[in-house]
Amino acid sequence: IMKNEKWFMLDIGQVEKKLKTNAASGLSRKAARSRSAKSDGGLYYVQKKSIFKMLLEVLSDFAWVLMLLTAISFLFFDEIKTGAVVLFFALSIIAFLVFIYHRCVRTSESVDAFFRPQAKVIREGKLYRIDYSRVVVGDVILLEKGDVVLCDARLVRSDAFSVEMKISKDEQRILSKNAGAVVGEKEYNVFNMDNMVHAGSTVTGGSARAIVTDIGRYTYIGALKGSFQRKIDDGVPSELSKA
């Protein structure tokens, strides 16, 4: 990953050369796998909840802890039969609650993964729809109205292309984008980088083809926000919400 590269200053040929990709056919699957293995900039993912954490959440109800302590105290004072019964009852109920909780959480995670934004990627000249967590630098992506963008990319071609860029709950703009736009070398305002599309944007019109230049915390908004990472129950990341 090339940090702080001024991709908006380069023509498409230079971008292809630096990222060792092809704007027409994209990366090879082998190259994509290699880059994915080395990537540490994942942008959007669901942090799965472990069984141990579920157990701790169930035990956060002090009633079950109290029941376990009661069983242990019976055993400690040689009330073996009573202690064993109480302990068996408590462990059985806790195991049942963890099982039910586990099923609910895993179902929720599956639903969340199904509705997670996906990218349309060209690899070896073929179109694939993949999770954004598998997108790598150098991938060629297709964008159209309604798509959520979770990477930074240099536009290769565009047709009446526009996005709504949102970098905070209160700051957002509708921006017209053009693959052929010329951007000055000293441009630091991301809203004026007309030949780029950035993470946190939603396509509002037209279509485009682009080469992924940055992912995860290396994107413009990833650097500001420390990347998008969320747990299953946190809802849509604030950077992408429409509020």
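All of these numbers come straight from a predicted model, not from anything done at the bench.
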Flag side-chain contact, heavy atom, 4.5 Å: Lys177 against Asn195: no
Is there a salt bridge (charged side-chain N to carboxylate O under 4.0 Å, His left out) between Lys120 and Asp147? Walk through the geometry before answering. CA-CA 9 Å; Lys120 295 183 285 290; Asp147 287 345; 2.8 Å; yes
May I ask you to decide if Asn22's main-chain N or O and Ser25's side chain share a donor-acceptor pair within less than 3.5 Å? no
Can any side-chain N or O of Lys6 pair as donor or acceptor with the backbone N or O of Glu185 at less than 3.5 Å? yes
Going by distance alone, is a donor N or O of one side chain under 3.5 Å from an acceptor N or O of the other, for Tyr132 and Gln118? no
Would a hydrophobic clustering, with Ile, Leu, Val, Met, Phe, Trp and Tyr connected at side-chain separations under 4.5 Å, put Phe88 with Trp64? no
Transitive ILVMFWY side-chain link Leu155 to Ile174, under 4.5 Å: no
Quick check: do Met165 and Val190 have side-chain heavy atoms less than 4.5 Å from each other? yes
Answer with yes or no whether the side chains of Ser176 and Ser162 bring together a donor and an acceptor at under 3.5 Å. no
When you measure from the side chain of Thr82 to the backbone of Glu79, do you find a donor-acceptor pair of N or O atoms at a distance under 3.5 Å? no
Is Val156 linked to Leu127 within one hydrophobic cluster, defined over Ile, Leu, Val, Met, Phe, Trp and Tyr using a side-chain heavy-atom separation of less than 4.5 Å? yes
Please test Glu164 against Arg173 for salt bridge (charged side-chain N to carboxylate O under 4.0 Å, His left out), starting from the C-alpha separation and ending with a verdict. CA-CA 5 Å; Glu164 179 185 66; Arg173 296 186 193 178; over 6 Å; no
Among Thr204, Val203, Leu175, the one residue meeting side chain to side chain contact (heavy atoms under 4.5 Å, CB included) with Phe161: Val203
For residues Ile94 and Leu56: do they belong to one hydrophobic cluster (side chain heavy atoms under 4.5 Å, members Ile, Leu, Val, Met, Phe, Trp, Tyr)? no
Could you pull out all residues at least two apart from Glu187 that satisfy side chain to side chain contact (heavy atoms under 4.5 Å, CB included)? Phe8, Val183, Asn189, Asn192, Met193
Same hydrophobic cluster for Leu75 and Phe89, using side-chain heavy-atom links shorter than 4.5 Å among ILVMFWY? yes
